2 protein chains.
Amino acid sequence: MNATQQVSRPTTDPPIDCAEFSAVLERLLSAWRRLAVPGELSPTAAFTLSRLARDGSSRLTDLANSEHVTQPAMTQLISRLEAQGLAERFRDADDARVVNVRVTAAGETLVASRRAARAAKATELLAALPAAQQAALAMALPALEALAEVSAR
Amino acid sequence: MNATQQVSRPTTDPPIDCAEFSAVLERLLSAWRRLAVPGELSPTAAFTLSRLARDGSSRLTDLANSEHVTQPAMTQLISRLEAQGLAERFRDADDARVVNVRVTAAGETLVASRRAARAAKATELLAALPAAQQAALAMALPALEALAEVSAR
DNA sequence: TATTGTTATACTCTATAACTATA
DNA sequence: TATAGTTATAGAGTATAACAATA
């Protein structure tokens, strides 16, 4: 039967154990959750604000979809962020039904400080790894970036 | 002053941009969070159950600490998992105050099916990357694993 | 007296359903 | 009539404080 011979996949034999990769990512996510800056922001709020800071303003509905929460939940989340002075609504010029959201200066400051805090933790954790593993991560950085990109849909 | 010469770090010059790495990881985790298997389990419940399945039984207090929730919150979470037949309490032989928790067979089944679902998603997403990037991720897998390990404290 | 866990209570966040305004 | 968003209400999950049992 020649089952040992890969059939019609020239060079694309699975070079990576997807289940293993998925499991590792889950553990990383679990760990990340724990070193999240406590207090101030809920996970969804943090990701939403971070996204607004990264990608610019966005429609309320789009935010709801991309964070996988309902429209009413996002309405309330944005209201909370607005009350905290971290984000603000503005009407759409073309369609009066639409509500756009953008981060405020205070929001950007907060996002930046949270990022800095996480980067500091990351520095500390990465320093605990042997140089070879650090190098492997450095080499995989573009791939991780690409994966985040394709996963963001 | 010779500031350009690294002082006492022979070969461990930062081989990786920690801020960049942290930012990418944040995006990746944000995306990963959304493709979590929906419904049934809260994030904390899922992580707790997954941990029990991976590392074996654990004290209630340790679970609370490792998931960064309070003891009462973990008490209730375990009660919920117990009511769903996914985990169970058992008393400690040495110390009658202690409550240990373990996953049930049903719990293991659920964890396994969730893992499989995520692995399937991972397979799909990874397949969208060029072979070179897949290879880079495969090479970085042990390092990611080690990072998850050191982050778990 | 300290530690382990539970119960009581209140608050935050989210979902579903019903509603308003605009297209 | 469909779409964008809000309001109303209820439920899940968590925290703080007070408590019970054991060490």
Side-chain angles (χ1 to χ4, degrees), chain A residues 29-30 32-52 57-102 107 110, chain B residues 30 33-52 57-102 107 110:
Chain A
L29 180 56
S30 170
W32 183 91
R33 253 165 59 93
R34 292 183 296 227
L35 56 79
V37 186
E40 337 161 65
L41 255 42
S42 76
T44 306
F47 281 120
T48 301
L49 204 58
S50 180
R51 186 205 140 138
L52 285 173
S57 68
S58 176
R59 290 180 39 164
L60 195 141
T61 298
D62 292 340
L63 290 175
N65 290 336
S66 77
E67 292 302 325
H68 279 203
V69 296
T70 61
Q71 212 174 46
M74 188 51 71
T75 289
Q76 293 177 48
L77 170 52
I78 297 304
S79 297
R80 263 176 275 141
L81 290 176
E82 211 165 23
Q84 295 176 276
L86 301 172
E88 58 191 4
R89 290 172 163 91
F90 63 101
R91 283 287 174 185
D92 195 285
D94 299 335
D95 188 336
R97 297 171 303 180
V98 168
V99 167
N100 287 298
V101 184
R102 70 177 152 234
L110 179 58
Chain B
S30 171
R33 204 171 81 99
R34 293 182 296 226
L35 56 81
V37 185
E40 333 161 70
L41 253 43
S42 75
T44 306
F47 283 121
T48 300
L49 204 58
S50 178
R51 186 204 140 140
L52 286 173
S57 68
S58 176
R59 291 181 38 167
L60 194 141
T61 298
D62 293 339
L63 290 175
N65 290 337
S66 77
E67 292 302 325
H68 276 203
V69 296
T70 61
Q71 214 173 45
M74 187 52 71
T75 289
Q76 293 177 49
L77 169 53
I78 297 303
S79 297
R80 262 176 275 142
L81 291 176
E82 210 165 24
Q84 293 175 275
L86 301 173
E88 59 191 4
R89 289 172 163 90
F90 62 102
R91 282 288 174 184
D92 195 284
D94 298 334
D95 189 334
R97 295 171 304 179
V98 168
V99 166
N100 287 298
V101 184
R102 68 178 153 233
L110 180 57

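Sequence lines set the chain letters: A, B, ... in the order given, protein chains first and strands last, and positions in each chain run from 1. As the structure is a computational prediction, the values presented were derived from the model and not from experiment.
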- Which listed nucleotide (D:dA23, D:dT14, C:dG5) is nearest to the side chain of B:Thr61? C:dG5
- Where the side chain of A:Ser50 meets the backbone of A:Ala46, is there a donor-acceptor pair that is under 3.5 Å apart? no
- Query: What's the CG-C1' distance between A:Asn100 and D:dG5, to the nearest Å?
  - Reply: 12 Å
- Message: Categorize A:Thr44 for me: base, sugar-phosphate, or nothing, with a 4.0 angstrom heavy-atom threshold over every strand shown.
- Response: sugar-phosphate
- Message: Students often get this wrong, so: under 4.0 angstrom with heavy atoms, is B:Arg89 touching a base, only sugar-phosphate, or nothing?
- Response: sugar-phosphate
- Task: Between C:dC13, D:dG13, D:dA23, spot the one nearest the side chain of B:Asp95, thanks.
- Result: D:dA23
- Message: Rounded to whole Å, how long is the line connecting atom CG of B:Leu77 with atom C1' of C:dT6?
- Response: 15 Å
- Query: Are B:Leu63 and B:Leu77 side-chain neighbours, meaning at least one heavy-atom pair lies under 4.5 Å?
  - Reply: no
- Query: Nearest to the side chain of B:Arg97 - D:dT22, D:dT14, C:dA21?
  - Reply: D:dT22
- Length of the line joining B:Arg80:CZ and D:dA12:C1', which is rounded to integer Å: 7 Å
- Atom pair distance, as rounded to whole Å: CE in A:Met74 and P in C:dT14: 8 Å
- Side-chain touch A:Leu81/A:Arg89, heavy atoms, less than 4.5 angstrom: no
- Query: Would you say a side-chain N or O of B:Thr75 is under 4.0 Å from OP1 or OP2 of C:dT6?
  - Reply: yes
- Note on the structure: Testing C:dG5, D:dG5, C:dA15 for proximity to the side chain of A:Val99, the answer is D:dG5
- Item | Rounded interatomic separation in angstrom, taking CG from B:Asp92 and P from D:dA23 | 10 Å
- Task: Would you indicate which nucleotide in C:dT6, D:dA23, D:dT6 comes nearest to any side-chain atom of A:Gln71?
- Result: D:dT6
- Can you figure out which of C:dA15, D:dT16, D:dA2 approaches the side chain of A:Gln76 most closely? C:dA15
- Message: Rounded to whole Å, please give me the gap between CG in A:Asn65 and P in C:dA15.
- Response: 12 Å
- Item | Given C:dG5, D:dG13, D:dT6, the nucleotide with the shortest approach to the side chain of B:Arg59 | C:dG5
- Query: A:Ala96 or B:Pro72: which one's nearest nucleotide on DNA chain C is closer to the 5' end?
  - Reply: B:Pro72
- Query: Is any side-chain heavy atom of B:Leu86 closer than 4.5 Å to a side-chain heavy atom of B:Leu41?
  - Reply: yes
- Item | Close side-chain approach of A:Glu40 to A:Leu110, heavy-atom, < 4.5 Å | yes
- Establish, with yes or no, whether the OP1 or OP2 oxygen of C:dT14 is under 4.0 angstrom from a side-chain nitrogen or oxygen of A:Thr70. no
- Whole-Å distance between D:dG13 P and B:Glu67 CD? 14 Å
- Task: Rounded to the nearest angstrom, tell me the gap between atom CG in B:Leu81 and atom P in D:dT14.
- Result: 10 Å
